[in-house]
Amino acid sequence: MKFFDKILIANRGEIAIRVMRACRELGVETVAVYSTADENALHVKYADEAFLVGEAPPSKSYLNMERIIEVAKRSGAEAIHPGYGFLAENYHFAKRCSEEGVMFIGPSWRTIEMMGSKIESKATMKRAGVPVVPGTEGDVTDIDVAKKIAEEIGYPVIVKASAGGGGIGMQIIPEEEALEEAIGLGMRVAESAFGDSTVFIEKYLVKPRHIEFQILGDEHNQTVHLFERECSIQRRHQKLVEESPCPIMTDNLRRRMSESAIAVAKASNYTNAGTVEFLYSNGNYYFMEMNTRLQVEHTITELVTGIDIVKQQLAIAAGEPLPFGQEEISIRGHAIECRINAEDPLNNFAADPGKIVRYRSPGGPGIRLDSGIHVGYAIPTNYDSMISKLCAYGYNRMEAIQRMRRAIFEYVIIGVKTTLPLHHAIMNNTQFVEGNTHTGFLQEEHIAKTLNRYVREEETRIQTLGASLRQGKEVAAITAAVNVYIQHKKAGR
Ligand code: MV4
């Protein structure tokens, strides 16, 4: 079954290629779209057909809904896969696709719209019996009511934007004195960022874990979950490391959380692939939001379940019933993903776009690499700095960590600074190895110190490697890298 003859992928980089790989396996023809900044991008070369849709700024190309729909129709593509980011959670786009008779590979536009409002989705889930963080029932309109509710749930509280995401407009309020001003500021920030000033208040959970469940729902009322991912290691609300299963998961917690995740999907008439995000704190979990798209970290779920989520998305969109029931889905082994960004970890993670002058990708047992880059490729400044996703799979968590360390050792990217040294540091951090991760992990002072040392060590390794490579000494480069590695090991790490 190939589900479609031809589809358009309204995205770029590694995710566009990921979707096209599923298409190639199925025999589905692919149509790429690209901006003037992406004329030499891999996703353009990979596709069967490619159409220029505009200038480099996303608003002129990858966000140009009408142009993309027009290309789909002109090329004869029956459906559009939005990937993640760009138009993936834009309900106007999903709606326009259905109006134009092009299938949108994702949930219905009504579901996307509902989940876009944090207040509305939270209220819907509370009615469906899913635990939510205590707080205001809806938006904050009256400061005295807000003060009363904050008093009841107890300080600290957190102010959030209903249209929000990425922590924008979020503020932690330690005591009543600061509440009124924070609400005012939150509303102004939300208005300018989202054109919607609606804010709400919740109890602030200290150092929660971020645990999310992958969901698949078909158009025949069947909904299953593909277990959980732990995504607590984040920086400025950007995930850096994800793993599946969650290291602290128990059978009982998983039964309760997965039942809630299915309840969320049912309450929103969810179809296609989606992710239910929870905050976990002190044995309790709370619904936070649902992401109505394929996520960056879907890869680790694919590794531990053996299910190709992108193929399932195509099948569901084509009206197929899910080919398995919940009892047929199992989890085996452990998978970790490290996001490789072109950023300088020693310079406040500033984006470091530039040309890739040397590139050697890792491989071997248990390694999966989803990358959108190659030697000679110049990373454009207009888009996200994530250039690849390195995943390691092992029969247990320790083996996955060991394989990830080994793959980081093998991975050479020269020309731009990357988060590879940071991942080297995280994979060697005692707290991480013990599974003690939470959303404040990278901010912890003692962790920051060790990170710094590892970042410098890894940079030395890469510099040594780079110097030899630039002289054309491939063998010398490998020897030098191994020597640095051995020195590190001798130093007791
Ligand atoms: C919270 C929280 C603590 N308590 N809500 C951050 C992004 C936004 N989607 C929700 N976020 C949080 N909400 C309450 N009531 C802490 C965070 C939070 C966080 C959550 C998940 C992953 C990383 C995080 C980093 C800082 C804060």
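Side-chain atoms are counted along with the backbone in the values below, which use heavy atoms only and exclude waters and symmetry mates. As the structure lists them, so they are numbered: ligands from 1, and atoms in each ligand from 1.
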Counting both backbone and side chain atoms, is some N or O of Ser232 under 3.5 Å from an N or O of ligand 1? no
Please state which protein non-hydrogen atom is closest to atom 4 (N) of ligand 1 and give its distance, to 0.1 Å? Leu205 N, 2.9 Å
Exercise: do Thr275 and Glu212 side chains pair donor with acceptor under 3.5 Å: no
For Val133, counting its heavy atoms only, list the atoms of ligand 1 lying under 4.0 Å from any of them. 15 (N)
Relative to the heavy atoms of Tyr204, which atoms of ligand 1 are at a distance of less than 4.0 Å? 3 (C), 4 (N)
Counting N and O atoms only, with roles assigned by atom type, does the side chain of Ser244 sit under 3.5 Å from a partner on the main chain of Glu230, one being a donor and the other an acceptor? no
Could you go through the side chain to side chain contact (heavy atoms under 4.5 Å, CB included) check for Ile307 and Leu226 one step at a time? CA-CA 9 Å; Ile307 293 169; Leu226 304 185; 3.6 Å; yes
What is the nearest protein non-hydrogen atom to atom 27 (C) of ligand 1, stated with its residue, atom name and distance? His237 CE1, 3.8 Å
Do His225 and Gln326 have side-chain atoms, one donor and one acceptor, less than 3.5 Å apart? yes
When only distance counts, is Met170 in polar contact with ligand 1, meaning an N/O pair under 3.5 Å? no
Under 3.5 Å, side chain of Asp352 to main-chain N/O of Lys417, donor-acceptor pair present? yes
Quick test of your reading: applying ring-ring contact (aromatic ring centres under 6.0 Å, His included), list the pairs with at least one residue in residues 280-300, sequence neighbours left out, ordered by first then second residue. Phe278-Tyr285
Is there at least one pair of N or O atoms, one from Glu202 and one from ligand 1, spaced under 3.5 Å apart? yes
Looking only at protein heavy atoms, which one is nearest to atom 16 (C) of ligand 1, and how far off is it? Pro208 CG, 4.0 Å
Over 12 foreign heavy atoms within 6.0 Å of CZ, Phe324: yes
Residue Lys203 vicinity, atoms of ligand 1 by number, heavy atom under 4.0 Å: 4 (N), 14 (C), 15 (N)
For atom 10 (C) of ligand 1, what is the nearest protein heavy atom, given as residue, atom name and distance? Met288 SD, 3.4 Å
Could you pull out the closest heavy-atom pair between Pro380 and Ala37, with the gap in Å? CG-O, 4.0 Å
Residue Arg110 excluded, over 12 heavy atoms near CZ under 6.0 Å: no
Closest protein heavy atom to atom 19 (C) of ligand 1, given as residue, atom name and distance to 0.1 Å: Thr439 CG2, 4.0 Å
Here the atoms of ligand 1 under 4.0 Å from any heavy atom belonging to Leu279 are 1 (C), 2 (C), 5 (N), 13 (N), 14 (C), 20 (C), 21 (C)
Any nitrogen or oxygen of Lys160, main chain or side chain, under 3.5 Å from a nitrogen or oxygen of ligand 1? yes
Could you list which atoms of ligand 1 come closer than 4.0 Å to a heavy atom of Glu289? 9 (N)
